[in-house]
Amino acid sequence: MGKDRMQNGYGSGSEPGSPNGHHPFREHKQASRQSSTELFDLASKVMLIGDSGVGKTCLLVRFKDGAFLSGSFISTVGIDFRNKVVDVDGTKVKLQIWDTAGQERFRSVTHAYYRDAHALLLLYDVTNKASFDNIRAWLGEINEYAQEDVVIMLLGNKSDSTADRVIRTEDGEKLAKEYSVAFMETSAKTGMNVDLAFMAVARDLKMKKTRKPTEPKFNVADYVNQEKKTGGCCS
Ligand SMILES: Nc1nc2c(ncn2[C@@H]2O[C@H](COP(=O)(O)OP(=O)(O)OP(=O)(O)O)[C@@H](O)[C@H]2O)c(=O)[nH]1
C-alpha cells in the first residue's frame with residue numbers, strides 16, 4: 001500500500017492506471033487479461049477519499065484481505081491501488097480501488113485521478129467532527145474534478161467506536177439526503193457494511209452496462225438502504 005510509498009503508488013498492483021485521458025476500463029481489462037489469471041467482464045475504478053485518519057486504507061484492507069489494521073496509524077503517501085474481482089449475479093466485475101492520501105498536501109496529486117472514476121467512496125469518521133464538517137468541501141472537490149454521473153457513497157466509518165461517537169447516524173443521513181448521495185455507516189474494524197459498499201458499486205456498473213431500456217434504473221442509494229446493517233455488529 002501507499003502508506004510508505006512514493007506518490008505514484010505503482011508498487012502494489014500490476015497495472016497502474018494513469019489519469020491520462022485514455023479509456024481506463026478497456027486498458028485495464030486488456031492489461032489484466034495479460035498479467036493476471038483472474039478474468040473479468042467489466043471493470044470499475046473506485047476511489048476512497050476523505051480526511052486523513054478516517055479509515056480509507058483500513059476499509060480497503062478489510063474488503064481486500066478480510067483483516068483489520070490496528071495499532072499505530074501510518075498516513076498514506078499520495079495514492080495507491082488494489083484490485084479485487086467480485087461476482088455480481090454471474091458477472092465478474094473487477095474493482096480497481098484507489099486509496100488516496102487524506103492529507104491536504106497530496107490533494108493536487110489525487111485530483112487528477114477523479115476524472116475517470118466510476119465511483120467515489122467518501123469517508124468521515126463518526127468519532128471526529130472535523131472529518132464530518134469537511135464533507136461539504138470534499139463534495140465541492142468532487143463537483144469540480146469528477147464526472148457528472150460518478151456514483152458517490154458517503155460512509156460514516158468507525159461505527160464500532162460507540163463510546164467516542166460524536167456524529168449521529170441521523171446527521172449522516174441528513175447530509176447524504178441533502179446532496180442526493182447514498183449513505184451508510186461502516187466499520188473497517190468489525191467489517192460492518194464494508195463488502196456492501198463495494199458490491200453496490202459493482203452492481204451499479206453491471207446494471208449500467210446490461211440494463212435494457214424497458215427495465216427500471218438501478219438506484220444505488222435505495223439499494224444500500226435496503227441492504228445495509230445498522231448498529232455496532234458485524235458484516
Ligand atoms: N475503531 C476503528 N478504528 C479504525 C477503523 N478504521 C480505521 N481505524 C483506525 O483509524 C486509524 C486511521 O486509519 P487509516 O485507514 O490509516 O486512515 P486513512 O483514512 O487511510 O488515513 P490517510 O492515509 O492519512 O488518509 C488507524 O489507527 C486505524 O486502526 C474502524 O472502522 N474502527
Side-chain angles (χ1 to χ4, degrees), residues 1-13 46-82 84 95-114 117 119-135 137-139 141-142 145 152-169 171-172 183-198 224 228-235:
M1 300 297 300
K3 284 288 177 193
D4 55 2
R5 288 243 167 81
M6 297 305 291
Q7 67 188 29
N8 67 12
Y10 292 168
S12 67
V46 185
M47 281 182 78
L48 295 166
I49 57 175
D51 278 10
S52 179
V54 295
K56 298 180 293 297
T57 301
C58 287
L59 199 85
L60 174 52
V61 170
R62 165 61 69 187
F63 176 62
K64 171 83 178 140
D65 304 325
F68 177 60
L69 293 177
S70 56
S72 56
F73 158 45
I74 305 165
S75 241
T76 298
V77 175
I79 188 159
D80 198 5
F81 77 98
R82 306 279 298 270
K84 182 162 174 164
L95 299 174
Q96 185 181 65
I97 307 157
W98 290 81
D99 178 22
T100 65
Q103 288 177 34
E104 187 85 42
R105 65 197 169 106
F106 295 115
R107 279 315 137 72
S108 57
V109 176
T110 53
H111 283 160
Y113 290 79
Y114 282 49
L120 300 172
L121 302 188
L122 172 56
L123 278 75
Y124 64 89
D125 170 354
V126 300
T127 72
N128 178 338
K129 185 169 183 307
S131 74
F132 181 72
D133 292 343
N134 285 336
I135 289 296
W138 280 106
L139 287 162
E141 296 200 6
I142 292 170
Y145 296 103
I152 303 168
M153 208 176 294
L154 180 65
L155 303 179
N157 192 41
K158 306 195 189 179
S159 61
D160 58 278
S161 302
T162 40
D164 299 325
R165 178 191 278 271
V166 290
I167 305 298
R168 297 174 308 169
T169 307
D171 299 327
F183 169 74
M184 63 189 152
E185 291 189 339
T186 55
S187 168
K189 188 171 182 178
T190 67
M192 189 183 86
N193 290 335
V194 175
D195 282 3
L196 175 59
F198 291 98
V224 300
K228 72 186 174 191
K229 292 191 169 63
T230 52
C233 196
C234 332
S235 62

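It should be emphasised that the depicted structure is a prediction, and the values quoted were computed from it without experimental measurement. In listed order, ligands and their atoms are each counted from 1. This chain uses plain numbering: 1 for the first residue, then up along the sequence.
Residue nearest to atom 12 (C) of ligand 1, selected from Y124, F73, F106: F73 (by heavy-atom distance). Counting heavy atoms only, T57 comes closest to atom 20 (O) of ligand 1 of the residues D164, T57, D80.
Note on ring orientation: taking the six-membered ring where Trp is involved, the planes of Y124 and F132 are perpendicular (angle over 60°, cut-offs 30° and 60°).
By the 6.0 Å and 45° rule, K84 stacks over the aromatic ring of F63.
Taking a cut-off of under 4.0 Å to the non-hydrogen atoms of K56, the atoms of ligand 1 that pass are 15 (O), 17 (O), 18 (P), 19 (O), 20 (O), 21 (O), 22 (P), 25 (O). For ligand 1, the atoms sitting less than 4.0 Å from at least one non-hydrogen atom of S161 are 1 (N), numbered in the order shown with element in parentheses. Ligand 1 places these atoms under 4.0 Å from at least one heavy atom of D160: 1 (N), 2 (C), 30 (C), 31 (O), 32 (N). Proximity to A188 (heavy-atom distance under 4.0 Å) selects the following atoms of ligand 1: 6 (N), 30 (C), 31 (O). Counting the atoms of ligand 1 from 1 in the order shown, those under 4.0 Å from a heavy atom of T76 are 22 (P), 23 (O), 24 (O). Under a 4.0 Å criterion applied to the non-hydrogen atoms of S75, ligand 1 contributes the atoms 22 (P), 23 (O), 24 (O). Shown in contact with S187 at under 4.0 Å from a heavy atom are these atoms of ligand 1, numbered in order with element: 31 (O).
A salt bridge is defined here as a Lys NZ or Arg NE, NH1 or NH2 lying under 4.0 Å from an Asp or Glu carboxylate O, and K158 with D164 fails to meet this definition.
Checking D125 against S131 by side-chain atom types alone, no donor-acceptor pair falls below 3.5 Å.
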